[in-house]
2 protein chains.
Amino acid sequence: MADELKQAGLKITTPRILILEMLQNAALESNTEHLSAEEIYARLRVSNKDVGIATVYRVLTQFEQAGLIIKHNFEANQAVYELNEGEHHDHLCCVNCGAIVEFVDQKIEERQKKAAVDHGYKLVDHSLVLYGLCPNCQEAA
Amino acid sequence: MADELKQAGLKITTPRILILEMLQNAALESNTEHLSAEEIYARLRVSNKDVGIATVYRVLTQFEQAGLIIKHNFEANQAVYELNEGEHHDHLCCVNCGAIVEFVDQKIEERQKKAAVDHGYKLVDHSLVLYGLCPNCQEAA
DNA sequence: ATGATTGCAAATGTTTTGCATTTGC
DNA sequence: GCAAATGCAAAACATTTGCAATCAT
């Protein structure tokens with residue numbers, strides 16, 4: 001983990017280790033992969049390992065630039081971050097409870113590339129978020 | 001235009017007419033379909049038709065809820081709005097100059113529905129934004 | 001030792017809200 | 001006339017920044 005920081009050209013500091021660790025742990029659970037800066041700040045605070053909110057933001061920005069994590073804007077008002085584990089995926093987000101499922105559809109990926117090329121654009125990145133009702137919330141309704 | 005407001009259950013007021021008119025005019029040009037609240041506010045101000053920024057936001061929110069317009073978050077920090085002309089489309093956005101092209105790919109639409117169903121979700125909406133370099137900006141680079 | 005990193009508090013930028021005033025019907 | 005809509009200024013957010021103190025190497 002310290003290696004990852006070093007490889008990214010970042011000095012090994014306590015805040016950086018704590019935050020990377022937290023995102024790595026979050027990636028293991030299937031419900032909390034995506035954390036906001038405030039959530040990370042609050043969790044550190046609960047663990048009695050205080051890191052200033054400004055530092056949380058700065059570290060997240062550095063991690064994102066280093067490619068260690070990915071930033072999403074599922075909701076307009078707050079960004080969330082997840083560990084970058086290499087394989088790209090899109091997101092399916094429950095409009096009611098916020099549950100998130102990750103998926104990949106190769107056909108969609110291809111057609112996106114085609115759409116960009118058709119318009120003379122060179123595709124750099126994309127953001128696809130499907131919004132729907134998850135099984136649980138469909139039942140409850 | 002006043003009809004559209006009435007149908008949407010909204011009283012006919014000067015700010016609402018001005019803002020709807022502006023978005024309708026914007027929809028006619030191929031480069032300015034997407035306006036932010038601040039842009040709308042500034043344009044009204046230039047036309048000597050002052051509307052408070054709070055009213056701009058309130059009216060846009062009402063229009064969105066009425067289905068008259070669509071809100072996008074291409075960039076994390078500022079929402080933009082466009083007239084809802086019925087037919088759905090996705091967006092291809094130049095990361096350098098912000099130019100926006102609209103497109104539809106029926107295959108992508110289908111596969112999205114499939115992806116949702118495969119995970120037990122009922123698809124409600126989706127947001128697909130491709131980010132790339134437009135022809136002009138590729139040249140300049 | 002020294003340049004990078006942090007924490008704090010203050011600033012920023014967008015969007016929202018409270019409330020007195022004005023407007024549409 | 002009365003409820004709904006507006007304008008203003010203040011509040012509420014998430015996020016960023018300046019700067020002095022602290023830390024990593």
Side-chain angles (χ1 to χ4, degrees), chain A residues 1-22 34-45 47-66 68-81 98, chain B residues 1-23 34-66 68-81 98:
Chain A
M1 175 178 48
D3 303 358
E4 274 136 304
L5 290 177
K6 203 166 285 181
Q7 278 183 306
L10 296 169
K11 251 178 210 172
I12 293 156
T13 67
T14 310
R16 284 177 184 156
I17 289 175
L18 288 169
I19 293 173
L20 183 52
E21 198 170 44
M22 181 177 301
H34 306 87
L35 299 175
S36 70
E38 288 290 345
E39 277 162 4
I40 291 168
Y41 173 69
R43 288 181 182 211
L44 289 171
R45 176 166 274 267
S47 324
N48 276 317
K49 258 320 204 173
D50 277 31
V51 174
I53 186 69
T55 299
V56 172
Y57 277 105
R58 276 187 289 231
V59 168
L60 288 171
T61 302
Q62 293 158 351
F63 283 5
E64 194 204 354
Q65 284 169 354
L68 291 174
I69 64 177
I70 298 172
K71 179 183 185 175
H72 297 289
N73 289 281
F74 298 146
E75 284 154 81
N77 56 326
Q78 195 172 239
V80 293
Y81 302 82
Chain B
M1 177 178 46
D3 304 358
E4 274 137 302
L5 290 177
K6 203 165 284 179
Q7 278 182 307
L10 295 170
K11 251 179 211 171
I12 292 156
T13 68
T14 311
R16 284 177 184 156
I17 289 176
L18 289 170
I19 292 172
L20 183 52
E21 199 170 43
M22 182 176 299
L23 285 163
H34 305 87
L35 299 175
S36 69
E38 288 289 345
E39 276 162 7
I40 292 170
Y41 173 70
R43 288 182 182 210
L44 289 171
R45 175 167 274 267
V46 166
S47 324
N48 275 318
K49 260 320 203 174
D50 276 31
V51 174
I53 185 71
T55 300
V56 173
Y57 276 105
R58 277 186 290 233
V59 168
L60 288 172
T61 302
Q62 293 158 351
F63 284 5
E64 194 205 353
Q65 283 168 354
L68 291 173
I69 64 176
I70 298 172
K71 179 182 185 176
H72 297 289
N73 289 281
F74 298 145
E75 286 154 80
N77 56 326
Q78 196 172 239
V80 293
Y81 302 83

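Each chain gets a letter, A, B and so on, in the order its sequence line appears, and its residues count up from 1. FYI, side chains are in, hydrogens and waters are out, and symmetry mates aren't considered; it's all heavy atoms of this structure. Remember, predicted model here, so these are calculated numbers, not experimental data.
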Original post:
Mind checking whether A:F63 and A:L5 have side chains closer than 4.5 Å, heavy atoms only?
Top reply: yes
Original post:
Roughly, in whole Å, what's the span from CD in B:E39 to C1' in C:dT15?
Top reply: 15 Å
Original post:
Is there a donor N/O on one and an acceptor N/O on the other, under 3.5 Å, for the side chain of B:R16 and the base of C:dG24?
Top reply: no
Original post:
Quick one: are B:L23 and B:L60 in side-chain contact, heavy atoms under 4.5 Å?
Top reply: yes
Original post:
Does C:dT5 have a Watson-Crick or wobble mate here (both distances under 3.5 Å), and if so which one?
Top reply: D:dA21
Subject >> side-chain contact (heavy atoms from CB on, under 4.5 Å) partners of A:A54, counting only residues at least two apart >> reply: A:R58
Original post:
For C:dT16, does either OP1 or OP2 sit under 4.0 Å from a side-chain N or O belonging to B:Y57?
Top reply: no
**OP:** Check whether any side-chain heavy atom of B:I53 lies under 4.5 Å from a side-chain heavy atom of B:E38, and answer yes or no.
**Re:** yes
Original post:
Are A:T13 and C:dT6 close enough that a side-chain N or O sits under 4.0 Å from OP1 or OP2?
Top reply: yes
Original post:
Picking from D:dT15, C:dT15, C:dG18, which would you name as closest to the side chain of A:A37?
Top reply: D:dT15
Original post:
Which of these nucleotides, D:dT17, D:dA9, D:dT25, is closest to any side-chain atom of A:R58?
Top reply: D:dT17
Original post:
Is any side-chain nitrogen or oxygen of B:T55 closer than 4.0 Å to OP1 or OP2 of D:dG7?
Top reply: yes
